[in-house]
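No hydrogens, no waters, no symmetry mates; every other heavy atom, side chains included, goes into these values. Lettering follows sequence order; numbering is per chain, from 1.
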Amino acid sequence: MGIKGLRQAVAAHMREGHVKEIAGKTVVCDGHAWLHKAAFGCAFDIAMGKPTDKYIEYCMHLVNMLKFYGVTPIIVLDGRSLPGKARVNSERNARRESQRALGMELLRRGDRSGALKCLQQSIHVTAEMAHAFHARLQSEKVTCIVSPYEADAQMSYMVRKGMAQAVISEDSDMVPFGVDMILYKMDTSGSCCIFENKPLGEGNKKSMDVSKLSGDARIHMCILAGCDYLQSIPGIGIQKAYGLIREHGDGKKAIEALRKHPKMKEKVPDGYEDAFERAEKLFKHQWVYDMEERKLVNMTQVPED
DNA sequence: CTCTAGCGATACAG
DNA sequence: CCTCGTCGCTAGAG
């Protein structure tokens, strides 16, 4: 789900670009996003259960394209199995299964293009595909990290540790995690949209400027706007959240202000302050793998209290 | 007017 | 046995 509306809201920080702009640098890449796109290219084979490695070739093309432009890629794959999403998952599985059945039916009737559309909706990235990709990366001596939970947290941790200078992803969660350079929508030729956490010019006076927010303030804004860990207060979206944090400085003070606001006070749920604190901890102290220490660590240090 | 929330169409590579 | 959606549009509320 990510952060609702965040991608649109930070549009002023985005521009058209190309991977050659980060020649000489190291970049961490969201391997799952690549596999997901790659799977569309061989939806027929995957849906029929026919062994194929086309999706791996697609991903390796991206790896080699980056190398060609002097960029060193590190691939992050996540081994996550998140609790609390079982219902959504089973609904998705049911939908995928019905699309697969419909696709096979259309194929029997000779409607090849109709079948492909359905079969594309039935495919998903399996652990088996991720393992095959991982094995290929190892044999090609490309660095690959399996994150304990969320790839987003792992990638941002590696940037903060200085192991990489940018991230290639499709996920807006990179913004609250404080990554300063994010390459979105990269295609096979290296063209992409580049997000940079830099002050906006005078022409963007009314746009959201994330460079005006401290690391904690960015996270507070995203929790207020609604994230995986906490639904937003009804009527609060990304713009309102940005305004509140800019005005009051942090999440706690923003909630205090809402509690006093005549129109908003009855919309703030009981115990929202506690839920907010829990969400912030989940955000900041996720488990990630530290390559140097070779062990699991918290993304940011848990304070002793 | 701005902003949120929900919905339907759409999605790969070459 | 099996891992994450997103974009544009718009109604409707503030």
Side-chain angles (χ1 to χ4, degrees), chain A residues 1-9 11 14 30-47 49 52 54-62 65 76-97 99-100 103 113-114 116-134 146-155 169-174 184-189 191 193 206-208 224-229 231-244 261-264 266-267:
Chain A
M1 186 191 299
I3 312 300
K4 282 179 286 182
L6 184 58
R7 287 278 286 280
Q8 298 290 337
M14 303 254 215
D30 183 345
H32 180 271
W34 287 5
L35 283 169
H36 186 74
K37 272 203 287 186
F40 270 82
C42 40
F44 259 123
D45 294 335
I46 291 174
T52 178
K54 280 186 205 159
Y55 64 93
I56 292 179
E57 295 306 326
Y58 172 87
C59 292
M60 292 313 296
H61 173 86
L62 297 180
M65 181 272 293
V76 171
L77 295 167
D78 48 6
R80 142 181 85 169
S81 55
L82 273 196
K85 293 196 172 177
R87 188 182 154 181
V88 182
N89 261 340
S90 70
E91 281 171 14
R92 286 214 178 102
N93 284 338
R95 186 167 178 281
R96 279 197 276 259
E97 197 44 51
Q99 288 296 323
R100 184 175 178 279
S113 71
L116 181 59
K117 274 203 169 81
C118 293
L119 293 179
Q120 281 178 334
Q121 293 179 40
S122 78
I123 59 106
H124 65 296
V125 177
T126 63
E128 190 182 10
M129 291 167 68
H131 283 135
F133 182 34
H134 190 188
V146 177
S147 64
Y149 296 101
E150 305 244 11
D152 321 327
Q154 180 71 41
M155 293 193 290
S169 173
E170 300 301 328
D171 202 324
S172 63
D173 283 351
M174 287 301 119
Y184 288 110
K185 302 174 190 288
M186 186 184 74
D187 65 20
T188 50
S189 69
S191 296
C193 277
K206 58 184 165 67
S207 302
M208 174 188 299
L224 279 179
C227 63
D228 287 352
Y229 308 123
Q231 276 201 321
S232 71
I233 298 165
I236 304 282
I238 191 68
Q239 300 292 345
K240 292 267 171 59
Y242 176 69
L244 284 164
H261 193 282
K263 292 277 193 215
M264 291 302 295
E266 73 266 20
K267 294 197 175 181

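- Listed by chain and residue number, nothing satisfies the side chain to side chain donor-acceptor pair (under 3.5 Å) test with A:Gln99 (two or more places apart in sequence, or in another chain).
- Rounded to whole Å, atom P of C:dG14 lies 12 Å from atom NE2 of A:His261.
- In this structure, CE of A:Met264 is placed 16 Å from P of C:dA13, rounded to the nearest angstrom.
- A:Lys267 is linked by a side chain to side chain donor-acceptor pair (under 3.5 Å) to nothing, counting only residues two or more places apart in sequence or in another chain.
- In this structure, A:His124 forms no aromatic stack with the base of C:dC2, since the conditions of centre separation below 5.5 Å and plane angle below 30° are not both met.
- Atom CG of A:Asp30 is separated from atom C1' of C:dT6 by 15 Å (rounded to the nearest Å).
- Listed pair A:Gln8 / C:dG8 meets the phosphate criterion, a side-chain N or O lying under 4.0 Å from OP1 or OP2.
- In this structure A:Phe40 satisfies the ring pair (Phe, Tyr, Trp, His ring centres under 6.0 Å) test together with A:His36, sequence neighbours excluded.
- One atom, CG of A:Leu6, and another, P of C:dT6, lie 12 Å apart when rounded to the nearest Å.
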- request: Start with the C-alpha gap between A:Met60 and A:Phe133, add the side-chain angles, then the distance that decides, and say whether side chain to side chain contact (heavy atoms under 4.5 Å, CB included) holds.
  value: CA-CA 9 Å; A:Met60 292 313 296; A:Phe133 182 34; 4.0 Å; yes
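- Looking at residues two or more places apart in sequence or on another chain, you find a side-chain contact (heavy atoms from CB on, under 4.5 Å) between A:Ala39 and A:Ile46, A:Ile123, A:Met129.
- Applying the side-chain contact (heavy atoms from CB on, under 4.5 Å) criterion to A:His124, with sequence neighbours excluded, gives A:Arg96, A:Thr126.
- Distances shorter than 4.0 Å separate some side-chain N or O of A:Lys185 from OP1 or OP2 on C:dC7.
- At least one side-chain nitrogen or oxygen of A:Arg7 sits closer than 4.0 Å to the OP1 or OP2 atom of C:dC7.
- The 5' end of DNA chain C is approached more closely, in terms of each residue's nearest nucleotide, by A:Val125 than by the other of A:Lys267 and A:Val125.
- Of all heavy-atom pairs between A:Leu224 and A:Ala241, the closest is CB-CB, 3.8 Å.
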message: Checking A:His61 against A:Trp34 for the side chain to side chain contact (heavy atoms under 4.5 Å, CB included) test, could you report, in this order, the C-alpha distance in whole Å, the side-chain angles of both residues, the deciding distance, and whether it holds?
response: CA-CA 11 Å; A:His61 173 86; A:Trp34 287 5; over 6 Å; no
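- Computed from coordinates, the A:Leu244 CG to B:dC3 P distance equals 12 Å when rounded to whole Å.
- Regarding A:Ile3, its CD1 atom lies at a distance of 18 Å from the C1' atom of B:dC3, rounded to whole Å.
- Proximity of residues 232-240 of chain A to DNA chain B (heavy atom under 4.0 angstrom from any strand atom) is restricted to A:Pro234, A:Gly235, A:Ile236, A:Gly237, A:Ile238, A:Gln239, A:Lys240.
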Check nucleotides 12-14 of chain B for protein N or O atoms closer than 3.5 Å to its own N or O atoms and list the pairs.
unit_1	atom_1	unit_2	atom_2	d
B:dA13	OP1	A:Tyr58	OH	2.6

Under-3.5 Å N/O pairs linking protein and nucleotides 8-10 of chain B:
none

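- Atom CD of A:Glu266 and atom P of C:dG14 are 10 Å apart (whole Å).
- For A:His261, the side-chain contact (heavy atoms from CB on, under 4.5 Å) partners at least two apart in sequence or on another chain are A:Lys263, A:Met264.
- The interatomic distance linking A:Glu97 (CD) with C:dC1 (P) rounds to 14 Å, in whole Å.
- Residue contacts for A:Lys206: at a heavy-atom cut-off of 4.0 Å it reaches no nucleic acid atom on any strand shown.
- To the nearest whole angstrom, the two C1' atoms, one in B:dT10 and one in C:dT6, are 9 Å apart.
- Every side chain to side chain donor-acceptor pair (under 3.5 Å) that A:Glu57 has, sequence neighbours left out, goes to A:Arg136.
- For A:Asp45, the side chain to side chain donor-acceptor pair (under 3.5 Å) partners at least two apart in sequence or on another chain are A:Lys54.
- The side-chain contact (heavy atoms from CB on, under 4.5 Å) check on A:Ala132 picks up A:Tyr55, A:Ile56, with sequence neighbours excluded.
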